[in-house]
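Below is one structure, written out as structure tokens; the observations come after it.
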Amino acid sequence: MARGGDMSVWQVTNEDELREAIQETARVALVGSRSRMSWIAHQEGQNISTEGLTGIVDFRPDDLVVTVRSGTHVRDLEQMIADSGLCLGLSRTALGWMGSRIGTVGGLIALNLPHAAQNRTGGVKDWCLGMRVMRPDGEVVTFGSQVVKSVAGFDLHRVMAGSRGGLGVILSVTLRLYPIRLVEKDSLERLSDAEPRWVCRVPLAQVDQVVSEVVRPVARLRSSGLVWSEELPSELYGGWAIGPAGRTVPRPDPMVEKLRRSLKSTLDPQRKFAEGFVS
Amino acid sequence: MRDDQVLSGAAVRKVYETDAYTVDRNPPLAVVLPETTEEVSAIVQWCRESRVPFTPRGAGTGLSGGAMPALGGIVISTKKLTKLLSTDLENRTMLAQTGIANLRITRMVEGDGLHFAPDPSSQSVSTLGGNIAMNSGGPHTLKYGVTVQHVLGVRMVLSHGEIVQIGGRCGEPPGYDLLSLVVGSEGTLGIVTEAWIVLTPIPEAIQTATACFPSVREASQAVAEIVKSGVLPAALEMMDRAVLDAVQAAFGLEFPSATQAMLLIECDGSPGQSSDDLHQLVEICKKSRAIEVKVARTADERMKLWTARKKGVGALGRIAPTVVTHDGVIPPSKLPEMLEEVYRVAEEHGIAVANIFHAGDGNLHPIFCFDEREPGKVDAVVKAGEEIIRKCIELGGSVTGEHGIGVEKVDFLPLMYDEASMALQGEIRTIFASDDLCNPCKVIPNAKGCIEHKVRWRGVAT
């Protein structure tokens with residue numbers, strides 16, 4: 001394991017090293033390649049990176065699924081499977097945050113940010129069929145399945161998607177793949193060349209209204225009710241937004257917050273994993 | 001609540017002792033029919049204070065015993081929770097009470113070019129709440145996804161009677177995802193009484209074809225070729241000869257005499273694209289030695305091609321006193337191997353089997369046809385089902401694709417997960433429910449007080 005001073009990122013190259021690193025650390029702030037840190041809350045704790053856990057575990061083009069280690073870069077994964085005519089459900093043309101083909105597979109899933117092909121392939125979460133996850137005590141558990149359809153047990157793999165490292169370490173994930181043809185084009189409308197700092201989900205009929213009101217809109221995807229912008233819109237019309245440093249709007253309902261706290265303490269009783277949200 | 005909202009007596013106890021999974025039975029004390037979320041909350045609070053178990057129930061079409069009152073107590077029926085609370089066509093969403101039938105939702109909005117995409121075979125009666133509990137699929141799941149992808153939010157009653165809203169018109173805001181736990185939880189985390197759902201535009205054009213094959217193996221190889229072709233069909237279904245014979249006897253279906261399996265293929269989208277897609281898939285079928293291909297030219301013809309798929313299970317009911325529909329998933333590329341195993345297992349146990357299923361996502365539904373009054377038959381069916389499920393897991397699949405765990409598969413879930421993973425599954429339940437009063441004995445194995453009851457449930461053949 002490569003370690004520098006306290007403030008640096010610990011790199012692990014296999015699960016045993018990861019387990020050891022987690023077990024000896026009181027507070028862990030999980031990262032991948034750190035390409036999307038602007039979206040994550042400032043995390044207290046030792047940065048441990050999954051970037052060294054790379055490679056395809058199992059690729060079954062005939063079944064449209066791949067199982068891949070979470071530190072694998074999205075671009076590397078797509079290159080490795082390109083000959084099959086398959087890819088992740090991300091737009092081939094959208095760049096930057098709207099396309100999100102940057103960073104690691106684990107990061108893509110842990111953030112679960114809306115993307116430009118959302119109307120064609122659903123959310124990142126919807127591609128996750130199953131996962132292997134390391135718990136705060138180092139134990140490895142599995143969630144979900146390796147097939148495109150399964151209703152066996154509670155869907156913890158979907159919960160891990162978008163959990164921002166706060167519930168456990170995604171070690172590997174089985175993903176549904178799509179024919180490249182399906183995502184060659186998207187319906188994203190770019191409104192500026194800037195990188196967005198906020199992404200908002202608003203009622204479909206209010207997309208244009210939000211775009212006209214927000215300071216510096218960046219892009220919109222009308223059919224999915226999505227608006228990307230540099231600033232937080234003044235009005236979300238009952239929708240929600242994710243922004244810089246883990247900010248989310250609106251504040252969750254207290255009852256929902258209580259259930260989420262309970263979920264956190266069930267999966268991470270010692271509160272070892274730093275959380276990526278600020279609400 | 002009014003007197004007519006509470007049902008009891010011997011006849012009621014008999015009707016509500018099972019859902020559509022009839023192997024295990026247990027009668028409730030009474031059935032209540034609340035009309036609002038607040039009434040559900042009041043009932044749940046009463047159950048809690050009186051330490052009486054409660055089991056939510058929609059239309060009772062579940063195929064794994066999810067609505068069976070396993071420890072007796074109260075059945076909370078959603079039969080009167082059928083109000084449409086808000087329709088927002090502009091935003092393609094609707095807020096409805098969960099007792100509403102799946103197909104009624106589509107009937108209400110199809111005039112506006114929209115529909116509710118999940119389409120389980122039971123959709124004419126099965127309820128939105130049941131679909132949410134089971135995370136239901138259907139033939140068009142292949143392209144449109146399962147129920148969880150079509151639910152934006154729910155209002156539900158937790159096991160202490162608290163009412164909570166998760167998500168809403170724009171889906172669940174960022175934060176740990178509770179909605180994904182609730183959808184598919186089989187009514188074990190609480191009772192979902194209202195839901196915001198996604199209304200999907202009806203495709204501009206729909207193209208449908210059937211292809212008949214001289215063997216199941218050739219039909220399943222065609223499925224594998226289609227899955228990897230780069231075309232994503234809206235539906236890809238298979239019916240074997242036993243199903244076709246039953247539909248022929250009941251509804252006069254015509255097919256070439258050498259047919260052993262039929263595929264139903266549907267493509268949708270723009271008129272040009274859907275037509276090109278279907279053409280490409282038809283060519284694959286021909287190359288895979290299909291002996292007859294029919295392409296529908298009109299909406300009427302299209303409905304005709306769906307006959308075997310839609311009427312298949314009902315037609316089987318005419319040829320045997322009892323039919324039990326199993327459910328398992330395998331990677332589609334393993335279909336040829338898996339189907340051979342299904343026929344082998346059925347033969348070994350001396351049970352007639354028919355297959356009618358969602359081939360494109362590898363979701364099998366072997367249907368056993370038998371007479372439950374014959375000694376030993378129920379046991380044989382249970383054993384054969386278990387062998388098939390074990391094979392699904394061996395091939396990298398799942399113990400259930402859409403029917404759920406219920407009581408039927410409680411012992412099978414550990415085939416998919418090791419001990420630590422199972423323990424965590426059990427802990428998840430405690431986030432929402434601090435004890436086992438809410439739909440006890442379902443999903444998670446070895447729940448307290450369930451094991452001794454199991455012997456009593458399985459009363460059919462004794």
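Order of the sequence lines fixes the chain letters, A, B, ..., with proteins taken first and strands second; residue numbering starts at 1 for each chain. Being a predicted model, the structure only gives us computed values, none of them experimental. All heavy atoms count here, side chains included; hydrogens, waters and symmetry mates do not.
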Check: R261(A), Q146(A), K125(A): which one forms the most heavy-atom pairs within less than 4.5 Å of chain B?
Finding: K125(A)

Next item on the list: Could you check which of S145(A), A152(A), P179(A), S262(A) has the highest count of heavy-atom pairs closer than 4.5 Å to chain B?
Entry: A152(A)

Item checked: Residue pair I330(B) / V147(A), side-chain heavy-atom distance below 4.5 Å -> no

Margin query: side chain to side chain contact (heavy atoms under 4.5 Å, CB included), that's the test. Do R92(B) and L204(A) meet it? Break it down for me.
Written below: CA-CA 8 Å; R92(B) 294 187 197 142; L204(A) 309 190; 4.1 Å; yes

Check: Given the options L413(B), L179(B), V399(B), which has more heavy-atom pairs under 4.5 Å with chain A than any of the others?
Finding: L413(B)

Note to self: Does this structure show an ion pair linking D277(B) with R181(A), if we count only N-O contacts that are shorter than 4.0 Å?
What the structure shows: yes

Item checked: Closest heavy-atom pair and its distance - T266(A), I431(B) -> OG1-CG1, 3.4 Å

Checklist line | Side-chain donor or acceptor of Q425(B) paired with backbone N/O of F154(A) under 3.5 Å | finding: yes

Notebook entry, point to check: Looking at G230(B), P174(B), P201(B), which one has more heavy-atom pairs under 4.5 Å with chain A than the rest?
Noted result: P174(B)

Check: Out of S398(B), G401(B), G404(B), which one racks up the most heavy-atom pairs below 4.5 Å with chain A?
Finding: G401(B)

Margin query: Can you tell me which portion of E186(B) sits under 4.5 Å from chain A's heavy atoms? Options are side chain, backbone, both or neither.
Written below: side chain

Next item on the list: Sort N363(B) into side chain, backbone, both or neither according to what part of it lies under 4.5 angstrom from a heavy atom of chain A.
Entry: side chain

Notebook entry, point to check: Top residue by heavy-atom pair count (under 4.5 Å) with chain A, among D177(B), T141(B), L142(B), V146(B)?
Noted result: D177(B)

Margin query: When you measure from the side chain of S421(B) to the backbone of T142(A), do you find a donor-acceptor pair of N or O atoms at a distance under 3.5 Å?
Written below: yes

Notebook entry, point to check: For the side chain of N91(B) and the backbone of A205(A), is there at least one donor-acceptor N/O pair under 3.5 Å apart?
Noted result: yes

Notebook entry, point to check: Given side chains that start at C-beta, do those of M416(B) and S150(A) come closer than 4.5 Å, heavy atoms only?
Noted result: yes

Next item on the list: Measure distances from L178(B) to the heavy atoms of chain A and classify the residue's part below 4.5 Å as side chain, backbone, both or neither.
Entry: side chain

Next item on the list: Heavy-atom distances under 4.5 Å only: say whether H358(B) touches chain A with side chain, backbone, both or neither.
Entry: side chain

Note to self: For R201(A) versus C170(B), what's the shortest heavy-atom pair and its separation?
What the structure shows: CG-O, 3.4 Å

Note to self: Is it the case that the side chain of R260(A) and the backbone of Y176(B) share a donor-acceptor pair, with hydrogens and angles ignored and the cut-off at 3.5 Å?
What the structure shows: yes

Notebook entry, point to check: Under 3.5 Å, is there a donor-acceptor pair between the side chain of D63(A) and the main chain of S333(B)?
Noted result: yes

Item checked: Pick from D155(A), L263(A), V148(A) with the largest number of heavy-atom pairs that fall under 4.5 Å of chain B -> L263(A)

Notebook entry, point to check: Do you know which of T400(B), D418(B), T188(B), V231(B) has the most heavy-atom pairs with chain A at a distance under 4.5 angstrom?
Noted result: T400(B)

Margin query: Using a 4.5 Å heavy-atom cutoff, which residues in residues 130-138 of chain A come close to chain B?
Written below: R135(A)

Check: Are any side-chain N or O atoms of Y178(A) and backbone N or O atoms of L232(B), one a donor and one an acceptor, separated by less than 3.5 Å?
Finding: no

Next item on the list: Quick one: do V227(B) and D62(A) satisfy side chain to side chain contact (heavy atoms under 4.5 Å, CB included)? Show the steps, please.
Entry: CA-CA 7 Å; V227(B) 169; D62(A) 293 357; over 6 Å; no

Item checked: Interface residues of residues 150-162 of chain B facing chain A - heavy atom cut-off under 4.5 Å -> L152(B), L158(B), E162(B)

